[in-house]
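Below, chain A is the first sequence line, B the second, and so on; all start at residue 1.
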Amino acid sequence: MCWRHEDVRVRQRQLEQWFVRVTKYADELLDSLNDQKGGWPDRVITMQRNWIGRSKGAEVDFKIDGEADKTIRIFTTRIDTIYGASSLILAPEHALIAELIECGKASDELKTFVEQQSAIEAADRMAEGKEKLGVFTGMYAINPFNQAKLPIWTANFVLTSYGTGAIMAVPAHDERDFEFSSKYGLPIPRVIVANDFKGDANEPLTEAFTPKDDKCTVINSGEWSGKPVPEAIAAMTAHAEANGFGTSQTNFKIRDWGISRQRAWGTPIPFVHCAKCGIVPVPEDQLPVALPKDLDFASKGAPLAEHEGFVNVTCPTCGAAARRDTDTMDTFVDSSWYYFRYVDPKNEKLPFDPAIAAYWTPVDQYIGGIEHAVLHLIYTRLWTKIMRDLGLLTFGEPVKKLLTQGMVTLASYRCATHDWIYPTEVIDGKCKFCSQPPTVGRIEKMSKSKKNTVDPDEMIRIYGADTVRLFMLFAAPPEKDLEWSEAGAEGAARFLNRVWRIIYKWNDRVNFKFEIQNLEFTDAARALRRKTHQTIKRVTTDIAERMNFNTAVAAMMELTNELYAFDATVKDAATDADKFAVKEAIEALVKLLAPFTPHIAEELWASLGRDEVVVSSRWPAYDAELAKADELEIPVQINGKMAAKVIVAAEISDDDLKAAVLADAKVQAKLADKQIVKTIVVPKRLVNLVVK
RNA sequence: GCGAAAGUGGCGGAACUGGUAGACGCGCUAGACUUAGGAUCUAGUGCCGCAAGGCGUGGGGGUUCGAGUCCCCCCUUUCGCACCA
């Protein structure tokens with residue numbers, strides 16, 4: 001039924017459509033996934049690999065008994081098990097079944113079965129409890145390897161759209177065949193055993209035995225008996241090829257990409273249909289084909305097809321009256337290469353200048369949701385390879401690094417009388433309409449139907465864009481889902497207020513030029529400077545190398561806390577050196593904050609009396625010397641357990657460190673009657689004493 | 001069923017190559033300031049215990065001087081694929 005008109009039944013129709021031959025690139029799409037390792041999340045690579053679904057096997061022809069000129073071609077990845085085949089099974093849509101029905105040889109049972117199955121759509125057929133159902137066709141096939149006579153069945157679990165739409169059932173070595181053959185009483189002969197198998201191979205199996213490796217051997221298979229499985233597969237495929245009844249074959253799950261759409265908005269497919277010349281491409285000088293601006297959307301059919309001026313053209317080849325193709329392309333076509341157009345958006349002649357694309361692309365860092373893992377991100381890889389083969393690009397992989405960001409989630413609430421209610425409608429744990437406590441659902445992707453949403457505009461109105469942004473960056477690493485939290489947003493606002501206050505407290509004192517060489521820093525001022533330079537370092541690497549914005553924000557919070565501590569220490573008696581240290585910290589903080597909270601950062605920068613804007617200022621550099629600690633707190637372990645801590649100079653040698661540890665009173669007390677067997681010194685990090 | 005990712009305080013999360021588990025924030029506790037504050041500042045906050053101390057990264061084994069991190073088995077959760085022969 002139509003989802004918009006409940007009384008309108010939807011029918012399937014055959015349409016002539018345009019396809020992109022993905023299968024031609026399937027091998028490369030799969031193999032070059034290996035180059036993406038490290039830059040792309042493993043799960044995206046795995047999802048694409050499964051989606052492409054390459055499987056190597058063989059096609060084998062079985063003659064039909066009594067009809068010498070007819071064969072059934074099956075696809076198998078396990079030709080080594082062909083002596084274990086006890087039936088052939090065809091998809092209900094298989095041509096041979098249709099033929100049987102047509103020439104009246106089909107039983108009533110078979111006819112009914114096929115009718116029933118074809119009434120159920122493929123997707124639903126799998127959903128129907130997956131019960132395997134089948135019917136014997138009355139025919140037999142001859143196994144080309146041993147001339148065994150096998151019954152031909154049809155069954156719902158054999159897919160018409162994969163392989164040849166026909167299989168050989170080897171119940172002993174395939175779970176599905178086992179289930180089916182057990183149900184219908186077909187024989188289950190074993191032809192594979194583990195190398196260390198000791199029992200009786202004629203004993204009935206309780207489940208299918210399916211390993212495919214050289215730890216298994218072929219048995220009961222004539223001249224092939226005794227061969228390891230991989231060897232048997234190769235040899236038996238070669239045998240089939242040599243005798244003309246088989247061939248090696250690779251199949252893919254991925255299908256060619258149907259790009260035709262019958263909607264008005266989209267890129268027109270640039271072909272013309274001519275009665276004499278057939279399908280003719282629109283000549284290059286007439287490209288691109290533009291959509292007409294005066295479409296009639298009230299017309300009955302597709303608006304483009306109804307538009308006479310668009311449809312009626314002359315054939316580019318013979319000049320006769322012809323008809324323009326009225327399909328438009330899938331929007332995935334556009335998203336497959338938009339970023340290449342970005343680098344040369346005004347080009348009138350080409351999609352983009354290859355030289356410009358060579359300079360700017362491939363994309364260094366791409367960000368998108370996981371929902372694009374197998375559609376957009378396969379299509380764009382495919383499109384890049386096609387453009388490479390057209391000479392537009394010099395590479396086949398468009399995206400070096402991929403980040404799949406998480407979604408914003410929230411718990412949902414359901415009231416017994418008011419159904420789903422918004423989080424804002426829960427007051428003190430009760431539904432605001434009826435004061436009943438609602439059921440708290442799981443934390444999940446925000447959705448309108450479950451009302452577990454927050455309105456971003458509303459949040460921005462309350463907290464400001466900077467705060468909302470900062471909270472989202474702080475709450476979790478970008479690839480993880482993020483639970484929206486109003487308390488968390490308030491925490492972000494509080495932090496920005498803290499930054500604002502401490503800067504405003506100091507900005508009139510630090511707003512002048514200092515002569516650094518004349519300054520004497522106190523320990524506290526040196527500590528603040530150290531924190532400043534450590535923070536610059538951390539934030540820089542967290543952004544640039546690790547993409548961990550949450551830890552970058554944490555580092556800036558630490559610097560702010562340090563500023564407050566310093567402020568409390570110096571009170572109003574700040575020396576020029578103190579002011580310099582604060583000025584250095586504030587400047588760094590504002591610059592580091594700018595990518596996270598651009599608006600407030602500009603305001604603060606202006607408050608420091610700067611003419612330039614912070615976005616065009618230079619990213620701060622850190623001084624490794626100043627970032628270095630001058631004292632270290634070294635943990636001391638005894639037999640690997642924490643025993644004490646010693647404070648030592650930063651540049652201590654291993655021997656001095658060991659001596660300092662042994663001189664420590666707490667360590668000595670714990671060592672009283674023990675003997676040190678071994679001492680492990682991790683330079684400047686840890687000392688572990690092994691004692692007995 | 002197959003495949004992937006993940007399990008760390010009351011909560012969100014830190015811990016980069018095996019080296020002080022719990023950074024930072026939320027929440028909570030106490031104090032200060034205040035007419036008041038859900039503002040702000042200061043201190044505390046993994047668990048058990050008065051303490052000394054003990055226990056702690058889903059559970060169980062292992063490797064190692066040392067394991068949240070590495071290896072094996074199991075459990076749970078989330079996601080993807082789901083009769084692809």
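Under the 4.5 Å side-chain criterion, counting only non-hydrogen atoms from C-beta, Val22(A) is in contact with Leu29(A).
For the residue pair Gln48(A) and Arg381(A), a side-chain donor N or O sits within less than 3.5 Å of a side-chain acceptor on the partner. For the residue pair Trp484(A)/Asn452(A), the side-chain donor-acceptor check at 3.5 Å is not satisfied. Residues Asp256(A) and Thr23(A) bring a donor and an acceptor atom of their side chains to less than 3.5 Å of each other.
Out of A85(B), A15(B), C65(B), the shortest distance to the side chain of Phe157(A) is found at A85(B). Closest approach to the Lys253(A) side chain among A85(B), A15(B), C81(B) is made by C81(B) (side chain taken as heavy atoms from C-beta onward).
Listed for the Ser221(A) side chain is no donor-acceptor partner under 3.5 Å among the backbone atoms of Tyr83(A).
Where Met642(A) and Arg255(A) meet RNA chain B, the nucleotide closest to each residue was compared, and Met642(A) sits on the side nearer the 5' end. In terms of position on RNA chain B, the residue among Glu483(A) and Asn688(A) whose nearest nucleotide sits closer to the 5' end is Glu483(A).
Spacing between G13(B) and C2(B) at atom P, rounded to whole Å, works out to 29 Å. As rounded to the nearest Å, U78(B) and C24(B) have C1' atoms that lie 26 Å from one another. Comparing the C1' positions of A82(B) and A4(B) gives a spacing of 14 Å, expressed to the nearest Å. Nucleotides G9(B) and C28(B) place their C1' atoms 13 Å apart, quoted to the nearest Å. The separation of U42(B) from G25(B), taken at their P atoms, amounts to 11 Å, rounded to a whole angstrom. For the P atom pair drawn from U45(B) and G38(B), the interatomic distance equals 23 Å after rounding to whole Å. For the P atom pair drawn from C70(B) and C16(B), the interatomic distance equals 11 Å after rounding to whole Å. Straight-line distance between the P atoms of G68(B) and G58(B): roughly 10 Å, to the nearest whole Å.
Phosphate proximity of A85(B) to Ser55(A): present, with a side-chain N or O under 4.0 Å from OP1 or OP2. The shortest distance between the side-chain N/O atoms of Arg501(A) and the OP1/OP2 oxygens of A39(B) is not below 4.0 Å. The side chain of Lys641(A) places an N or O atom within less than 4.0 Å of a non-bridging phosphate oxygen (OP1 or OP2) of C55(B). Dashed line: the shortest gap from a side-chain N or O of Asn550(A) to OP1 or OP2 of A14(B) is under 4.0 Å. Contact between the side-chain N/O atoms of Lys132(A) and the OP1/OP2 oxygens of C83(B) is not found at any separation under 4.0 Å. Remark: Arg546(A) is in phosphate contact with A15(B), judged by side-chain N or O atoms under 4.0 Å from OP1 or OP2.
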Identify each atom pair where a protein N or O and an N or O of nucleotides 24-28 of chain B are less than 3.5 Å apart, giving names and distance.
residue : atom : partner   : partner atom : Å
G25(B)  : OP1  : Asn561(A) : ND2          : 3.2
C26(B)  : OP1  : Arg494(A) : NH1          : 2.6
G27(B)  : OP2  : Arg494(A) : NH1          : 3.4

Identify each atom pair where a protein N or O and an N or O of nucleotides 2-4 of chain B are less than 3.5 Å apart, giving names and distance.
none

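Under the ring pair (Phe, Tyr, Trp, His ring centres under 6.0 Å) test applied with Trp257(A), the options Phe19(A), Tyr25(A), Phe332(A), Tyr379(A) reduce to a single match, Tyr379(A).
Heavy atoms from other residues, nucleotides or ligands lying under 6.0 Å from CD of Glu371(A) number more than 12. Within a 6.0 Å sphere centred on CD of Glu175(A), other residues, nucleotides and ligands contribute 12 heavy atoms or fewer.
In this structure, CG of Leu90(A) is placed 18 Å from P of A85(B), rounded to the nearest angstrom. Separating the CG atom of Asp481(A) from the C1' atom of A5(B) is a distance of 12 Å, rounded to the nearest angstrom. Put simply, CG on Leu632(A) is 13 Å from C1' on U20(B), counting in whole angstrom units. Protein atom CD1 of Ile74(A) is 12 Å distant from nucleotide atom P of A85(B), rounded to whole Å. Lys684(A) has its NZ atom 21 Å from the P atom of U17(B), to the nearest Å. Rounded to a whole Å, the OH atom of Tyr564(A) is 8 Å from the P atom of U42(B). Between the CG atom of Asp567(A) and the C1' atom of U42(B) there is a distance of 13 Å, rounded to whole Å. As rounded to whole Å, 3 Å separates atom C1' of C65(B) from atom CD1 of Ile680(A).
Across all strands shown, C28(B) pairs with G44(B); the Watson-Crick or G-U wobble distances both stay below 3.5 Å. Under the Watson-Crick or G-U wobble criterion, with both distances below 3.5 Å, U69(B) is left unpaired in every strand shown. A51(B) is unpaired under the criterion used here, namely a Watson-Crick or G-U wobble arrangement in which both key atom distances are under 3.5 Å. Pair check for U76(B) finds A6(B); Watson-Crick or G-U wobble, both atom distances under 3.5 Å. The partner of A36(B) cannot be assigned: no Watson-Crick or G-U wobble pair with both contacts below 3.5 Å exists in any strand. Within the shown strands, C81(B) is the pairing partner of G1(B) under the Watson-Crick or G-U definition, both distances less than 3.5 Å.
Between Trp500(A) and Tyr504(A), the ring planes are parallel. Angles under 30° get that label, and only those over 60° would be called perpendicular.
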Salt bridge (Lys or Arg N to Asp or Glu O under 4.0 Å) assessment of Asp174(A) paired with Arg78(A): CA-CA 10 Å; Asp174(A) 181 283; Arg78(A) 296 300 302 269; over 6 Å; no
Residue pair Glu490(A), Tyr463(A): steps toward the side-chain hydrogen bond (donor to acceptor under 3.5 Å, both in side chains) verdict: CA-CA 8 Å; Glu490(A) 273 166 28; Tyr463(A) 298 105; 3.3 Å; yes
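Stacking of Lys132(A) on the aromatic ring of Phe157(A) is recorded, both the 6.0 Å distance cut-off and the 45° axial limit being met.
No engagement by Pro41(A) is indicated, since no non-hydrogen atom pair under 4.0 Å with the nucleic acid exists.
In terms of heavy-atom proximity, Val648(A) sits nearest to Ala660(A) at CG1-CB, 4.0 Å.
With hydrogens and angles left out, the side chain of Glu633(A) and the base of U20(B) share a donor-acceptor pair within 3.5 Å.
G12(B) shows a glycosidic angle more than 90° from 0 and is accordingly assigned anti.
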